[in-house]
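Only one structure is covered here, and it is reproduced in the block below.
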Amino acid sequence: GTPVLILDRENPISAIVERFGRLGILDERLLRYWGGWRPEEPPQPDDPRVIAWVKSCEPRPLVIVDSMIAFHGGDENDAGETRAFMQRCRTVADLGGKAAVIHHDGKSDTAKDYRGSSDFKAAVDAAFHVSNSGPDGRLGIIRLRCFKSRFGFAGEILYHYRGGRFERDLDATAPSRTVADQLASLLRTNPGATVVEFERLAVDCDLGRARARTFLTDGVLSGAIRREKGAGRVMRHFLAGEANG
């Protein structure tokens with residue numbers, strides 16, 4: 001029942017058509033999609049036309065910006081420029097709406113939550129790092145790890161993607177339980193990984209370097225993981241009972 005506007009300067013229309021078809025989404029009265037394929041480029045979230053629409057909606061809508069760097073218009077590492085962009089989104093929130101900004105993380109250890117200026121985190125009310133663990137990179141278990149909340153929330157939320165639907169895992173033990181499941185899936189799809197390779201894969205999936213290392217060590221000790229010597233002194237890892245890749 002909440003109106004939604006998606007401002008998208010990131011994706012081609014072919015990708016959106018495929019997603020809408022797979023997820024059963026219809027661009028109807030409650031959903032408006034403004035993509036780069038339209039005659040006019042998607043506007044900023046505080047554009048007068050967007051603001052007029054926000055004011056006309058009851059209940060107030062959700063405006064999704066995809067992605068920050070495409071709308072930022074400056075240096076994402078500059079605190080002043082980042083704050084100025086985030087204020088554009090704050091205008092929607094000040095009117096009673098919601099603004100969701102899709103942003104990217106970085107490669108360094110200090111940018112695993114997000115990249116760029118710290119004012120990105122400072123400006124938002126809630127921030128989640130989203131990662132996916134699925135076979136061959138396809139959607140599987142989607143993990144939302146909260147790294148900031150002005151509303152007192154902390155922890156993780158998990159969704160399972162099945163047949164075009166996202167189903168939330170309501171089991172309180174799900175985060176810790178599925179970490180092991182995801183690490184096992186990660187090793188299953190990357191047989192023969194070394195410790196360094198597996199740790200890097202786990203970090204990319206937001207599962208943690210230390211947890212990956214512990215998973216391999218405990219797995220070898222329990223017999224759940226088979227360790228074999230590769231070329232030179234390299235040790236490679238496989239799930240027990242599964243053939244080498």
Side-chain angles (χ1 to χ4, degrees), residues 1-6 16 18-28 30-31 33 57 59-67 89 92-93 96-105 112-114 120-121 124-190 198-199 201-216 218-219 222 224-225 239:
T2 299
V4 177
L5 169 65
I6 302 176
I16 302 307
E18 189 276 332
R19 291 175 189 173
F20 274 31
R22 178 158 44 90
L23 299 174
I25 295 175
L26 299 177
D27 191 347
E28 296 181 320
L30 289 178
L31 174 61
Y33 209 109
C57 292
R60 290 292 196 246
L62 165 66
V63 178
I64 300 174
V65 179
D66 189 4
S67 64
C89 303
V92 174
K98 284 80 65 178
V101 182
I102 299 176
H103 188 33
H104 301 289
D105 58 14
K112 290 305 179 183
D113 291 334
Y114 64 97
F120 176 78
K121 180 179 179 180
V124 300
D125 294 324
F128 292 83
H129 185 272
V130 182
S131 59
N132 167 62
S133 176
D136 303 323
R138 291 173 292 180
L139 288 176
I141 300 174
I142 297 86
R143 177 183 300 271
L144 286 77
R145 173 176 54 80
C146 181
F147 61 89
K148 180 187 176 177
S149 174
R150 288 192 170 124
F151 309 107
F153 178 79
E156 298 180 339
I157 301 173
L158 298 179
Y159 285 89
H160 297 268
Y161 176 78
R162 301 184 181 96
R165 295 182 62 85
F166 292 93
E167 300 175 0
R168 183 171 175 178
D169 194 327
L170 298 177
D171 186 343
T173 65
S176 59
R177 171 174 50 79
T178 58
V179 166
D181 295 340
Q182 291 180 79
L183 288 170
S185 176
L186 200 60
L187 185 56
R188 180 174 294 108
T189 55
N190 295 275
F198 191 70
E199 289 178 358
L201 291 166
V203 168
D204 289 343
C205 292
D206 202 27
L207 298 174
R209 179 176 286 105
R211 286 189 288 195
R213 187 183 307 118
T214 300
F215 172 80
L216 292 180
D218 291 349
S222 67
I225 293 176
L239 289 178

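Closest heavy-atom contact between Arg168 and Ile157: NE-CG2, 3.6 Å. Contact detail for Pro3 and Gly1: the closest heavy-atom pair is CD-O, 3.7 Å. Considering all non-hydrogen atoms of both residues, Ala99 and Val92 come closest at CB-CB, 4.3 Å. Residues Cys89 and Val65 approach most closely at SG-CG2, 4.5 Å, considering heavy atoms. Between Ile141 and Gln182, the closest heavy-atom pair is CD1-CG, 3.9 Å.
In Arg165, the CZ atom is not crowded: 12 or fewer heavy atoms of neighbouring residues, nucleotides or ligands sit closer than 6.0 Å.
One finds the CD1 atom of Ile64 at 6.5 Å from the CD1 atom of Ile102 (value rounded to the nearest 0.5 Å). Taking CG of Leu62 as the reference point, atom OG1 of Thr2 lies at 7.5 Å (rounded to 0.5 Å). For the atom pair CD1 (Ile6) and CG (Leu31), the distance works out to 5.0 Å, reported to the nearest 0.5 Å. Atom CZ of Arg145 is separated from atom CG of Leu207 by 10.5 Å, given to the nearest 0.5 angstrom. Between the CD1 atom of Ile16 and the CG atom of Asp66 there is a distance of 7.5 Å, given to the nearest 0.5 Å. We find the CZ-CG distance between Arg209 and Leu201 to be 11.5 Å, quoted to the nearest 0.5 Å.
Thr189 contributes a side-chain N or O that, together with a main-chain N or O of Ser185, makes up a donor-acceptor pair within less than 3.5 Å. In terms of modelled atom types and a separation under 3.5 Å, the side chain of Arg150 and the main chain of Val124 share a donor-acceptor contact. With Lys121 contributing its side chain and Lys148 its backbone, the two residues share no donor-acceptor pair below 3.5 Å. The backbone N or O of Lys112 lies less than 3.5 Å from a partner atom in the side chain of His129, making a donor-acceptor pair.
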Residue pair Tyr161, Ile142: steps toward the side chain to side chain contact (heavy atoms under 4.5 Å, CB included) verdict: CA-CA 7 Å; Tyr161 176 78; Ile142 297 86; 3.9 Å; yes

Worked check of side chain to side chain contact (heavy atoms under 4.5 Å, CB included) between Phe215 and Val179: CA-CA 10 Å; Phe215 172 80; Val179 166; over 6 Å; no

Intermediate values then yes/no, side chain to side chain contact (heavy atoms under 4.5 Å, CB included), Leu216 and Glu199: CA-CA 10 Å; Leu216 292 180; Glu199 289 178 358; 5.9 Å; no

From CA spacing to verdict: side chain to side chain contact (heavy atoms under 4.5 Å, CB included), Ile25, Arg19: CA-CA 8 Å; Ile25 295 175; Arg19 291 175 189 173; over 6 Å; no

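In this structure, Asn190 and Phe198 have side chains that are not in contact, with every pair of non-hydrogen atoms separated by 4.5 Å or more. Between Asp113 and Asp105, every side-chain heavy-atom pair lies at or beyond the 4.5 Å cut-off.
Between Phe128 and Phe153, the ring planes lie tilted relative to each other; the angle falls in the 30° to 60° range. Ring-plane geometry between His103 and Tyr114 is classed as tilted, the angle between the planes lying from 30 to 60 degrees on a 0 to 90 degree scale.
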